[in-house]
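Notes for the one structure printed next.
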Amino acid sequence: MSRKKLYMKTYGCQMNVYDSIRMTDLMHNVGYESSESYEGADLVVLNTCHIREKAAEKVYSELGRINKAKNKKKSEGGNMIIAVAGCVGQAEGEEIFRRAPYVDVVVGPQSYQSLPDLVGKVQRDSGHVINLEFEDDKFDKLAADIESQGASAFLSIQEGCDKFCTFCVVPYTRGAEYSRNVPEIYREAIKLVALGAKEITLLGQNVNAFHGKSEDGEVWNLGKLISHLSKISGLERIRYSTSHPRDMHDDLYNAHANDPKVMAFLNLPVQSGSNRILSSMNRKHTRDEYFRIIDRLREGRPDMQFSSDFIIGFPGETDRDFEDTMDLARRVGFTQGYSFKYSPRPGTPGADMDNQVPEHIKNERLQAFQNLINEQQIAFNESCIDKTMSVLFDKKGKRNGQIVGRNEYMQSVHIEAPDDLIGSIIDVRITSAGPNSLGGEIVN
Ligand code: SAM
Ligand code: SF4
């Protein structure tokens with residue numbers, strides 16, 4: 001019998017990418033195979049993001065298109081189950097069935113281990129099925145089914161958040177902070193390496209707030225966990241994302257300074273360079289504290305590079321506050337950056353603040369800010385020309401005969417080389433630099 005077809009589409013952060021991988025593993029286990037298109041699929045899963053309004057609205061327009069394919073399949077005597085997973089599912093719940101009644105399943109990020117059961121229920125009984133529970137046994141249920149993610153793999157070690165930044169929906173959609181225990185993480189890392197991973201990125205909404213129990217019941221921080229994982233033979237590179245400045249700690253600084261497997265690149269979200277705005281965002285760190293963290297990491301690893309997340313136009317942001325954010329970016333010198341206009345999210349304190357910044361000002365500031373970050377990125381990319389860098393190649397390039405990978409600093413590097421080098425770490429001399437990637441040749 002031919003296998004049923006699964007189409008999975010992922011929106012949003014790396015945590016969602018990881019969750020999609022795990023949902024795919026689960027469905028493969030019950031007889032589905034992955035499909036590149038939703039046309040003709042038996043099960044379509046949209047793993048959604050609720051962080052900004054635009055991200056959430058995109059889901060509804062995509063659902064409209066998928067419903068046409070569902071109707072077409074129905075008219076040919078087939079059936080397509082549509083599932084909305086992730087943070088839009090968690091935040092909007094039953095509302096999704098009202099706006100898009102052709103959706104069959106809604107499942108939250110804390111309960112997606114039940115996806116095969118929910119799909120089975122729809123097949124048996126039809127009708128709407130929803131699971132938004134915050135279940136504790138999620139990772140236990142997921143543990144058995146790991147498939148290869150290739151040379152570079154994600155591993156979720158922490159979820160949720162207790163920090164309640166005033167702009168953010170995560171504490172509501174992902175729930176309270178939760179850390180997996182160390183032996184469970186170690187076993188998953190060993191499996192990923194056995195399946196071909198040379199690099200693992202440890203994931204969490206606040207990954208450096210990790211506080212998981214070790215074998216003997218002691219609570220470990222992220223720095224300690226990294227040192228433990230670093231002993232795994234065959235694992236060559238370790239990254240972690242996303243961090244909060246308040247959760248940097250001595251063991252983590254030491255891991256950066258002393259462990260060559262820890263990559264010299266960190267995405268450390270600052271959100272704003274203005275102390276006034278940081279306080280109104282409830283970030284609980286100042287710009288000077290942020291500078292001190294950057295300095296300390298650079299003391300330990302002088303070649304350390306940084307990216308960050310920035311919110312432009314948070315309520316009450318004046319020209320002066322915005323200039324502080326520009327100034328912070330100039331002083332740090334980021335090599336990448338993710339900047340977004342503030343998007344008021346219902347239910348968060350920021351949405352009810354009465355000093356919202358007009359849209360046209362947000363647009364102007366965002367443009368100026370992105371120009372600055374782009375200049376910094378291009379300058380860094382150009383400074384790499386003629387340098388030799390080790391690159392982990394993990395996929396084919398866009399052009400025939402090309403393969404692509406990442407260097408230590410998360411820059412994308414492409415070379416002309418045969419596909420069988422995918423999965424290898426190779427020394428490459430950089431010969432060209434574009435705004436978003438580098439070109440190079442293998443050093444013999
Ligand atoms: N935990 C990380 C931290 O503390 O910075 C960030 C994780 S958050 C899920 C990912 C990013 O989305 C944030 O860093 C922020 O820049 C952006 N973001 C969150 N809420 C937003 C909003 N309401 N409007 C615009 N961007 C937002
Ligand atoms: Fe959201 Fe990060 Fe703040 Fe938590 S710490 S509320 S995930 S921005």
Side-chain angles (χ1 to χ4, degrees), residues 10-19 47-58 86-88 90-91 109-110 156-179 201-210 222 240-248 266-274 277-287 289-290 293 306-317 325 328-329 334 336-353 356-357 359 362-363 365-366 369-370 373:
T10 311
Y11 299 80
C13 64
Q14 291 170 326
M15 301 283 295
N16 267 14
V17 175
Y18 175 85
D19 291 345
N47 190 14
T48 59
C49 171
H50 201 248
I51 203 89
R52 285 172 288 277
E53 191 181 357
K54 249 197 194 149
E57 281 308 311
K58 265 192 207 160
C87 293
V88 174
Q90 190 70 39
Q110 257 13 282
S156 238
I157 62 166
Q158 178 277 344
E159 286 194 304
C161 180
D162 297 334
K163 293 205 165 54
F164 291 92
C165 298
T166 52
F167 52 81
C168 186
V169 290
V170 166
Y172 311 95
T173 56
R174 292 263 177 177
E177 211 169 279
Y178 165 81
S179 295
T201 303
L202 304 172
L203 297 181
Q205 260 89 28
N206 272 290
V207 72
N208 58 343
F210 174 81
L222 179 65
Y240 58 94
S241 184
T242 302
S243 298
H244 192 292
R246 275 184 63 83
D247 293 317
M248 293 305 295
L266 183 62
N267 178 47
L268 189 63
V270 66
Q271 313 298 356
S272 170
S274 151
I277 296 297
L278 286 171
S279 161
S280 168
M281 286 176 164
N282 192 30
R283 289 290 289 180
K284 299 201 173 76
H285 63 80
T286 62
R287 58 187 266 126
E289 279 161 351
Y290 190 81
I293 294 169
F306 297 93
S307 77
S308 190
D309 295 0
F310 305 87
I311 293 182
I312 306 298
F314 185 75
E317 185 189 81
T325 303
L328 180 139
F334 292 99
Q336 293 178 26
Y338 306 92
S339 47
F340 306 98
K341 277 188 291 184
Y342 170 65
S343 168
R345 306 309 289 127
T348 61
D352 295 330
M353 291 180 184
Q356 302 289 326
V357 174
E359 208 55 24
K362 285 193 210 170
N363 286 334
R365 289 181 187 162
L366 184 69
F369 188 76
Q370 291 188 335
I373 295 291

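Whatever order the structure lists them in is the order used to number ligands and atoms, beginning at 1. Below, each value reflects all heavy atoms present in this structure, side chains not excepted, and no hydrogens, waters or symmetry copies.
- Every atom of ligand 2 is numbered from 1 in the order shown, and the set under 4.0 Å from a heavy atom of P171 is 6 (S).
- Salt bridge annotation for E359-K341: present, with a cationic side-chain nitrogen under 4.0 angstrom from a carboxylate oxygen.
- With hydrogens and angles ignored, the 3.5 Å screen pairs a side-chain donor or acceptor of S308 with a backbone N or O of L268.
- The closest protein non-hydrogen atom to atom 6 (C) of ligand 1 is T242 CG2, 4.2 Å.
- The aromatic rings of Y290 and F334 are tilted relative to each other, their planes meeting at an angle between 30° and 60°.
- Within ligand 2, the atoms closer than 4.0 Å to a non-hydrogen atom of F164 are 6 (S), numbered from 1 in the order shown.
- Near F167, meaning under 4.0 Å from any of its heavy atoms, are these atoms of ligand 2: 8 (S).
- T166 contributes no side-chain N or O that, together with a main-chain N or O of P349, makes up a donor-acceptor pair within less than 3.5 Å.
- Counting the atoms of ligand 1 from 1 in the order shown, those under 4.0 Å from a heavy atom of D309 are 10 (C), 11 (C), 13 (C), 14 (O), 16 (O).
- Atom 4 (Fe) of ligand 2 does not have H244 among its coordinating residues (no N/O/S atom, backbone or side chain, under 2.8 Å).
- With a heavy-atom cut-off of 4.0 Å, T242 does not touch ligand 2 at all.
- The distance between the ring centers of F369 and F340 does not fall below 6.0 angstrom.
- N208 places a side-chain N or O within 3.5 Å of a backbone atom of H244 that can act as its donor or acceptor partner.
- For ligand 2, the atoms sitting less than 4.0 Å from at least one non-hydrogen atom of C165 are 3 (Fe), 5 (S), 6 (S), 8 (S), numbered in the order shown with element in parentheses.
- Of the heavy atoms in R52, only side-chain atoms (C-beta onward) come closer than 4.0 Å to ligand 1.
- For the residue pair N267/S307, the side-chain donor-acceptor check at 3.5 Å is satisfied.
- Close contacts between ligand 1 and Q205 involve ligand atoms 1 (N), 2 (C) [criterion: under 4.0 Å to a heavy atom].
- Between the side chain of N282 and the main chain of K163, a donor-acceptor pair closer than 3.5 Å is present.
- Formation of a donor-acceptor pair under 3.5 Å by the Q370 side chain with backbone atoms of S339 is found in this model.
- Those atoms of ligand 2 with a heavy atom of K163 less than 4.0 angstrom away are 5 (S).
- Among protein heavy atoms, atom 8 (S) of ligand 1 sits closest to I51 CD1, 4.0 Å.
- Coordination check, C168 versus atom 1 (Fe) of ligand 2: passed, since an N/O/S atom of the residue sits under 2.8 Å.
- In terms of protein heavy atoms, atom 3 (C) of ligand 1 is closest to R283 NH1, 3.4 Å.
- In the vicinity of R345, heavy-atom distances shorter than 4.0 Å reach the ligand 1 atoms 23 (N).
- For Q271, every heavy-atom contact with ligand 1 shorter than 4.0 Å involves the side chain, none the backbone.
- The closest protein non-hydrogen atom to atom 2 (Fe) of ligand 2 is N206 ND2, 4.1 Å.
- Those atoms of ligand 2 that come under 4.0 Å of a heavy atom in R283, given as number and element, are 3 (Fe), 8 (S).
- In the vicinity of K341, heavy-atom distances shorter than 4.0 Å reach the ligand 1 atoms 24 (N), 25 (C).
- Under the 3.5 Å distance criterion, the side-chain polar atoms of T48 are matched with a main-chain donor or acceptor of V88.
- Atoms of ligand 1 lying under 4.0 Å from at least one heavy atom of V170, given by number and element, are 9 (C).
- Closest to atom 4 (Fe) of ligand 2, if we only count protein heavy atoms, is C161 SG, 2.2 Å.
- Using modelled atom types, no side-chain atom of Q205 and backbone atom of Q158 make a donor-acceptor pair closer than 3.5 Å.
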